[in-house]
Number of protein chains: 2
Amino acid sequence: MVGRLAADSIERRSGVSLWRQIADKILQAIAIGDFTENAALPPEVALAERYGVNRHTVRSAIAALVQEGVLRAEQGRGTFVLSRKRLSYPIGARTRFSTGLQGQTSERHIVLLASSIEPASQRVAEGLGLARGAEVIRLETRGEADGRPVSRAAGWFDARRFAGIDAAMAETGSITASLARFGIDDYLRQSTVLSARHADAADLADLDLQPGAIVLVTVAVNVTPDGQPIQFSESRFPAERVELKLSAL
Amino acid sequence: MVGRLAADSIERRSGVSLWRQIADKILQAIAIGDFTENAALPPEVALAERYGVNRHTVRSAIAALVQEGVLRAEQGRGTFVLSRKRLSYPIGARTRFSTGLQGQTSERHIVLLASSIEPASQRVAEGLGLARGAEVIRLETRGEADGRPVSRAAGWFDARRFAGIDAAMAETGSITASLARFGIDDYLRQSTVLSARHADAADLADLDLQPGAIVLVTVAVNVTPDGQPIQFSESRFPAERVELKLSAL
DNA sequence: TAAATTTGTCTATTGATATAGACAACTATA
DNA sequence: TATAGTTGTCTATATCAATAGACAAATTTA
């Protein structure tokens with residue numbers, strides 16, 4: 001089934017280099033739990049044989065993962081798994097950043113990277129039920145768990161209703177707490193649309209990824225319990241570090 | 001924003017070739033609605049300039065998408081968009097294949113590709129609440145909409161409780177209808193875990209993809225209204241043709 | 001009809017990717 | 001202390017990916 005390391009399947013002249021494909025497979029095997037932390041990877045020659053490629057090609061894949069901080073290679077001994085399994089990020093009616101990751105990480109927080117006021121684009125206006133061009137506040141945030149970026153999000157709010165939410169966010173470091181200042185005690189996830197793509201230059205910088213990585217993208221609308229839209233957001237998650245757990249369905 | 005064609009961001013020596021990255025971006029722009037059906041793409045020289053690559057590199061990307069049936073190039077005239085937007089596949093408490101795609105496609109159905117009886121693997125046993133190694137029935141299916149594959153799934157059922165569900169599935173072409181024969185009138189999605197990866201050889205064949213494509217993967221458990229697990233499943237969706245809409249949370 | 005625009009084809013060159021083989025350096029173990 | 005097993009480095013070669021330039025072929029527009 002999905003991505004056991006035993007899998008055959010390497011595609012030539014696909015536009016994705018063999019070393020990147022093999023790196024992907026190793027990452028997947030780790031995420032799935034085929035290798036626990038500190039476990040030794042099979043030796044390079046064995047991997048090369050398994051995938052039907054040259055040993056040097058396997059070495060390129062391993063070099064990329066060492067660079068990425070996932071593996072550690074020791075001459076004469078072997079190559080070992082450093083990283084933990086993927087975080088399981090919950091998405092449901094009451095998705096909240098920090099509560100969802102409890103138990104999986106010792107530390108997590110949201111950093112406000114930037115904020116601005118801008119006219120609403122077509123899709124933001126639709127999501128928030130505003131006229132196109134109406135003023136909205138945009139908050140750019142990054143979610144971090146144990147010091148590693150696990151999400152990068154842009155959130156839009158009606159500028160008239162939520163004037164000053166940028167300052168509140170900077171102060172509290174929490175969307176939930178910031179909304180509470182505007183009398184929003186509870187909010188629900190109304191809709192979420194999910195897609196995946198290759199990371200672009202912005203993703204690489206924002207999420208500290210290596211080129212060629214895959215990102216999961218969610219576009220969501222949060223509403224008050226009576227259905228009034230309050231937040232439109234687009235979030236990006238590194239597929240190699242995060243899986244999305246759809247809960248409370 | 002996500003993948004406006006205006007975006008800069010092409011990564012060199014990433015292990016993903018420039019032509020594949022550009023093909024991805026064009027696909028995304030189409031999916032997002034930047035190009036409607038039959039619309040003309042910008043000329044090759046303009047695309048080359050926009051992405052900062054040679055015209056021949058853009059041509060490689062276009063050639064791949066022509067091969068894929070997404071674009072049509074006409075000498076002297078231009079390059080045109082053939083394919084429709086991505087399907088929006090709903091996932092929620094009551095996810096059903098054919099009801100969910102109503103209105104988006106004129107035709108849709110599930111094909112039973114294979115079935116077998118096998119001992120439950122660790123994760124299947126966990127999902128179904130069975131002992132590891134207990135007999136389970138595996139159904140391999142493909143979802144098609146307007147003749148194009150939009151999903152590829154494996155579903156596992158307790159072999160004792162659902163003996164003969166493979167025949168029922170072959171006959172009815174519907175999981176819901178097959179379960180009804182065993183007295184299951186209603187079932188709910190208990191959990192869904194979502195990830196993304198590069199397509200492997202099996203995905204390419206199963207979903208009729210070109211090498212280098214991305215697949216979304218869901219692993220889910222369906223339960224009866226009183227919480228009894230009845231189905232464990234793993235589904236793969238071509239990210240270029242399908243987005244997942246998380247609904248009714 | 002002429003000019004401008006656009007895709008198609010060809011040649012040539014450079015750099016990244018992948019293969020092949022040999023051997024050094026380091027570690028663990030018989 | 002050999003020996004086997006493993007990662008690290010080097011050279012060489014072939015193929016793919018990307019750049020560069022020129023011109024042909026088809027279509028649209030002035």
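Atom set for the values below is all heavy atoms of this structure, side chains included, hydrogens, waters and symmetry mates excluded. Chain letters run A, B, ... following the sequence lines, proteins first and then strands; every chain starts at 1.
In this structure, CG in B:L41 is found 11.5 Å from CZ in B:R72, a value given to the nearest 0.5 Å. With rounding to the nearest 0.5 angstrom, the OH atom of B:Y89 is 8.5 Å from the CG atom of B:L244.
Applying the salt bridge (charged side-chain N to carboxylate O under 4.0 Å, His left out) criterion to B:R20, with sequence neighbours excluded, gives B:D24. Take A:R132 and apply the salt bridge (charged side-chain N to carboxylate O under 4.0 Å, His left out) test, not counting sequence neighbours, and it matches no residue. Residues passing the side chain to side chain donor-acceptor pair (under 3.5 Å) test with B:E68, sequence neighbours excluded: none.
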In B/S/- notation (B base, S sugar-phosphate only, - none; protein heavy atoms under 4.0 Å), nucleotides 4-13 of chain C written 5' to 3' is --BBBBB---

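Counting to the nearest Å, the P atom of C:dT27 and the CZ atom of A:R72 are 13 Å from each other.
Judged by distance alone, with hydrogens and angles left aside, the side-chain atoms of A:E144 form no donor-acceptor pair with the main-chain N or O of A:V111 at under 3.5 Å.
Within the structure, the ring pair (Phe, Tyr, Trp, His ring centres under 6.0 Å) test picks out the following pairs touching residues 196-221 of chain A (sequence neighbours left out): A:H198-B:H198.
Judged purely by distance below 3.5 Å, without hydrogens or angles, the side chains of A:E234 and A:W156 never pair a donor atom with an acceptor atom.
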Polar-atom pairs under 3.5 Å, protein N or O versus N or O of nucleotides 15-18 of chain C: list them with distances, or write none.
unit_1	atom_1	unit_2	atom_2	d
C:dA16	OP1	B:R13	NH2	3.4
C:dA18	OP1	A:L18	N	2.4

